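Below you'll find the structure, written out as structure tokens, and then a few comments.
A note on names: the letters A, B, ... follow the listed sequences, proteins ahead of strands, and every chain is numbered from 1. Remember, it's a predicted structure, so these values are computed and weren't measured experimentally.
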Amino acid sequence: MNVTAEWGGILMSVGWFILIYMVLVISFYTILLVISLFHLRKTYGLDDWEPYEELLHLHQTKPVSILVPAYNESVGIMATVRSLLSIEYPEYEIIIINDGSTDDSMEKLVESFQLVKIKWVIREQLHTQPVKGVYQSRLYKNLLVIDKENGGKADALNAGINVSNYPYFCSIDGDSVLERTAFLKVMKPIVESDGEVIASGGSIRIANGCEIESGEIVKVGLSRSPLVVMQVIEYLRAFLMGRIGLSRHNLLLIVSGAFGVFSKRWVVDAGGYSHTVGEDMELVVRLHRYVKEQKADKRIVYVPDPVSWTEAPESLKYLRRQRSRWHRGLFESLWIHRRLLFNPKYGSIGMVSMPYFLIIEFFGPVVELMGYVIMILSLFLGGIYLEFAILLFFLSILYGSILSMAAVLLEEWSVRKYPKASDIGRLFAYSLTETLWYRPLTVLWRCEGILDVIRKKRGWGEMARKGVSK
Amino acid sequence: MLIKKIIDNKNRVLIEQYKEEYQLALFQFLHEGVKNESLNDRSPLQIRALVELLAGFSKMFASDDIQERLQGFAEEHFQTFIFSQLRHSRWSIRMNALYWIQDFKMKSMVEPLRELHASKNVSKAEEIQLLKIAVMFEEEDLVARLIEPKHKLTEFEYSLLLHTLRKEQFGPLVHVFEELPEVMRFALIDSIGARNRMEHVPFLQRLLEDGSTELKVRALKAVVGMEFYLDVERLSVHLRADSWQERLMAIKACEYIRSQQLTPYLTELMSDPSFYVRSQAAQSLLRLENGKDVLREIAVHAEDGYARDMAEQWLERGAVS
């Protein structure tokens, strides 16, 4: 096949652009990897209990309100509540927010925990959809349930904040299972810093494949489904590699909605959760923004150890929906706070974090997609283009597979959550195949998210849950 | 990597086995002082198993006899091992060694600990752990080391250290109160309350009279912690203070005083501008003998809608919990 010189020139320019972009991105990730490696290695093997024991007995350990927004979470909600009732923490309350569920979540809760409707003065610091009633459990004094009209996850969380009694709150998803000591660990930086740390996020791991009984992880295992295994690797990469590096320099823009603790005062002052599909990221960006505007010296940190286990989608259909939604959420946060981009007034958040999320996280899939197209085209065009395609292919192997493999190594060298050697072997083997199938898929889904932004698509889309607990 | 994991997993199984084997013999030794031959084994994995076992036991028994035997056993068997761990290049290994030294109260380690503290690269977490051990051993230069630490300590970190102080160690610090860093002052007041140091009540009372607002709030909090009785006349000053935090703490101090004299103050505070104060006032009223009647009266007749709502809420909440 012959190509015109003009067409060849365009192809080469795009190719060079992608090449330079990927080299930059790989360099950035490698820096994050090195920072994480040093940090995780330093703490590897540290006694699991001694550093936290005192927190259990000191009254300086601040009480926490745990907010669990629930919309049709009938399958998973009971396990979540049970896991929360058994956490090790001196003082906490659990607030389930039934966000107008149409299933039997509310009935199940009322029956299982002997809920009684009580008069509750709601301090409406954040505006929400009307609350139909506040219930308190007869069995557990610290368990409250808010029954409200449907308003979305952000609205539910804001209602929870209004009802909460304590100075710190934690938002967790209705299908999550927390490790017993997760709260002590995630609260440690907040307590130790005398409040300089205003938000702290823990790690999220995938529960599919683990044995969970009555809301407690009995045995950590790895799912047989390749799609789930790839997500496990992806989470390791995102949490162990990305967030440690960013957190070290107060550059963190995401405290995952599935498990994070926030100072109520700062969140209320910053305006609470907003109605976006990526409300967790949006809140963190707003907090950073608010802190900078107030000229306060506050930090948002990530703690690698405390783990919340959550159910990952097992089918392509739901995974696709989740990924395009996440990408839409990323866009919304970046768009709402576009003023921060390259704005030196906002320090490293404006000059490093926001550009990182825009250039690498948001536009990354577009550039990657272009790379795949060039690779395929080059197969037909031959000659110099083929060599170029091979170069791009090796870079994408480095970008996808090798960095993911490094994340698995990080896990094994530091956190060691997977006890079986065979599980680590499988994670390792799967990570090598990432570039060949999983990464192109996620790239397509994320690009679909960009199209959804252009098409102005809204809402979450339905999500099927099997429930992770026995 | 996989081979290492397989070996590590096997070693862990072995350590657990050793722990099971040694458990009874070690327990008997600690309890009765009868030493079993089997406890003299010295392979690295066996020592590791013994260290882990002993660390577990150290938290279970408080008796002096047992603690003494435990300390003696650690000094005899673990010195070389723990010393090597203390010199390890990895931070986590050094920290674990410091935890063990604290658990086993190993006095023989005082010198190596001083060396570690003097080293340039000692991390903040290590310094705190070293200070905790210094508090435990009541070292002479303790006050100086606390006042001028190598890393800037937060109030919480000072609290951690001060909570373990003995009665006699508090006195010198209270004496030099004015010279202490601000966060250390707060932590000291807090510890007096948390550890119920009644001998320092006059000091707290002095702070309540002429301390700054923040010091007054802290002193009230300590009074609450000690469940110390402040007379109504004294409390009334704080119940009408400008700062809502001071009013809130004063209400908390009312909770142990079931005096009818408090009713008018608490009733007035049911209309306080602060939500937290209103809520706390309702809780305190609920504890008074005729509190429920007062709350019912407020719920029905109060002019202030916020007070009515709050009274109703606590009448119901009190009934559930």
Side-chain angles (χ1 to χ4, degrees), chain A residues 38-51 53-55 57-62 114-125 134-138 140-142 144 165 167 188 190-197 408-409 412-414 416 418-425 428, chain B residues 1-9 12 52 55 59 88 90-96 98-100 102-103 123-125 128-129 132 153-160 163-164 183 186-187 190 193-194 221 225 275-276 278-279 282 299 306 308-317 319-321:
Chain A
F38 274 103
H39 178 78
L40 287 172
R41 237 2 226 180
K42 183 183 152 193
T43 52
Y44 173 55
L46 184 68
D47 192 287
D48 204 30
W49 180 239
E50 290 269 7
E53 195 189 1
E54 289 148 326
L55 288 179
H57 310 296
L58 285 174
H59 66 278
Q60 281 89 346
T61 309
K62 306 273 190 278
Q114 295 188 22
L115 298 179
V116 190
K117 191 172 184 180
I118 54 169
K119 161 96 185 168
W120 194 278
V121 182
I122 296 175
R123 196 175 174 218
E124 204 175 323
Q125 302 178 90
V134 177
Y135 296 76
Q136 187 173 15
S137 166
R138 276 194 187 280
Y140 306 96
K141 220 173 85 178
N142 59 344
L144 295 171
N165 288 300
K188 194 170 187 261
I190 292 180
V191 178
E192 275 183 350
S193 70
D194 287 354
E196 188 191 320
V197 173
V408 178
L409 269 178
E412 184 47 29
W413 278 351
S414 57
R416 280 205 172 178
Y418 292 94
K420 278 164 71 181
S422 60
D423 284 347
I424 290 294
F428 211 69
Chain B
M1 185 187 74
L2 284 177
I3 293 168
K4 190 173 179 304
K5 180 149 186 109
I6 293 167
I7 294 171
D8 285 352
N9 281 352
R12 190 28 54 193
E52 286 182 17
K59 294 187 173 67
H88 202 279
R90 199 189 304 151
W91 174 86
S92 54
I93 306 282
R94 294 198 302 275
M95 281 302 288
N96 288 345
L98 290 171
Y99 293 134
W100 288 326
Q102 188 189 14
D103 286 346
S123 70
K124 187 174 182 182
I128 293 173
Q129 198 57 28
K132 267 196 241 170
L153 302 184
T154 62
E155 184 187 335
F156 173 79
E157 287 156 347
Y158 270 119
S159 292
L160 261 187
H163 277 336
T164 53
V183 283
F186 296 156
D190 221 52
K221 199 173 161 200
F275 177 90
Y276 298 109
R278 293 199 295 276
S279 181
Y306 291 115
R308 282 200 304 271
D309 277 349
M310 193 56 87
E312 264 182 63
Q313 168 174 322
W314 276 99
L315 279 168
E316 284 199 24
R317 265 173 93 171
V320 176
S321 50

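To the nearest 0.5 Å, atoms CZ (A:Arg41) and CH2 (B:Trp91) are separated by 14.0 Å. Distance check: A:Gln60 CD to B:Tyr158 OH gives 14.5 Å after rounding to the nearest 0.5 Å. Separating the NZ atom in A:Lys119 from the CE atom in B:Met310 is a distance of 10.5 Å, to the nearest 0.5 Å. Considering OG1 of A:Thr43 and CZ of B:Arg90, their distance stands at 9.0 Å, rounded to 0.5 Å. In this structure, the separation between CH2 on A:Trp120 and CD on B:Glu312 is 14.5 Å, given to the nearest 0.5 Å.
For chain A, the nearby part of B:Lys132 is the side chain; its heavy atoms alone come within less than 4.5 Å. Using a 4.5 Å cut-off between heavy atoms, A:Ser193 contacts chain B through its backbone alone, with no side-chain atom that close. Contacts of A:Phe38 with chain B are absent, with no heavy-atom separation under 4.5 Å from either backbone or side chain. Looking at A:Glu53, the atoms closer than 4.5 Å to chain B (heavy atoms on both sides) all sit in the side chain, from C-beta outward. Using a 4.5 Å cut-off between heavy atoms, B:Asp309 touches chain A through backbone and side chain atoms alike. Interface residue A:Pro51: backbone and side-chain heavy atoms are both found under 4.5 Å from chain B.
Put simply, of B:Asp190, B:Ile3, B:Ile93, B:Asn9, the one with the most heavy-atom pairs under 4.5 Å next to chain A is B:Asp190. In terms of heavy-atom pairs under 4.5 Å with chain A, the best-connected choice from B:Arg278, B:Gln102, B:His163 is B:His163. Each of A:Asp47, A:Ile424, A:Leu58, A:Asp194 has some count of heavy-atom pairs under 4.5 Å with chain B, and the biggest count is that of A:Asp194. When each of A:Val121, A:Leu409, A:Leu55 is checked for heavy-atom pairs under 4.5 Å with chain B, A:Val121 comes out on top. Between chain A and the options B:Asp103, B:Val183, B:Ile6, the largest number of non-hydrogen pairs under 4.5 Å is found for B:Asp103. Per-residue heavy-atom pair counts under 4.5 Å with chain A were compared for B:Met1, B:Glu157, B:Met95, and the maximum is reached by B:Met1.
Using a 4.5 Å heavy-atom threshold, the side chains of B:Tyr99 and A:Leu46 count as touching.
Summarising the local packing, NZ of A:Lys420 is surrounded by 12 or fewer heavy atoms from other residues, nucleotides or ligands at distances under 6.0 Å.
In terms of heavy atoms, B:Thr154 sits closest to A:Glu192 at OG1-O, 2.6 Å. When all heavy atoms are compared, the tightest approach of A:Tyr418 to B:Lys5 is O-NZ, 2.6 Å. The shortest heavy-atom contact between B:Leu2 and A:Gly425 is CD2-N, 3.7 Å. Summarising the geometry of B:Ser92 relative to A:Tyr44, their closest heavy-atom pair is OG-O, 2.5 Å, with the distance given to 0.1 Å.
Under the 4.0 Å criterion applied to side-chain N and carboxylate O atoms, B:Glu316 and A:Lys117 are not assigned as salt-bridge partners.
Every salt bridge (charged side-chain N to carboxylate O under 4.0 Å, His left out) that A:Arg416 has, sequence neighbours left out, goes to A:Glu412, B:Asp8.
Under a cutoff of 6.0 Å and an axis angle of 45°, A:Arg123 and B:Tyr276 form a cation-pi pair.
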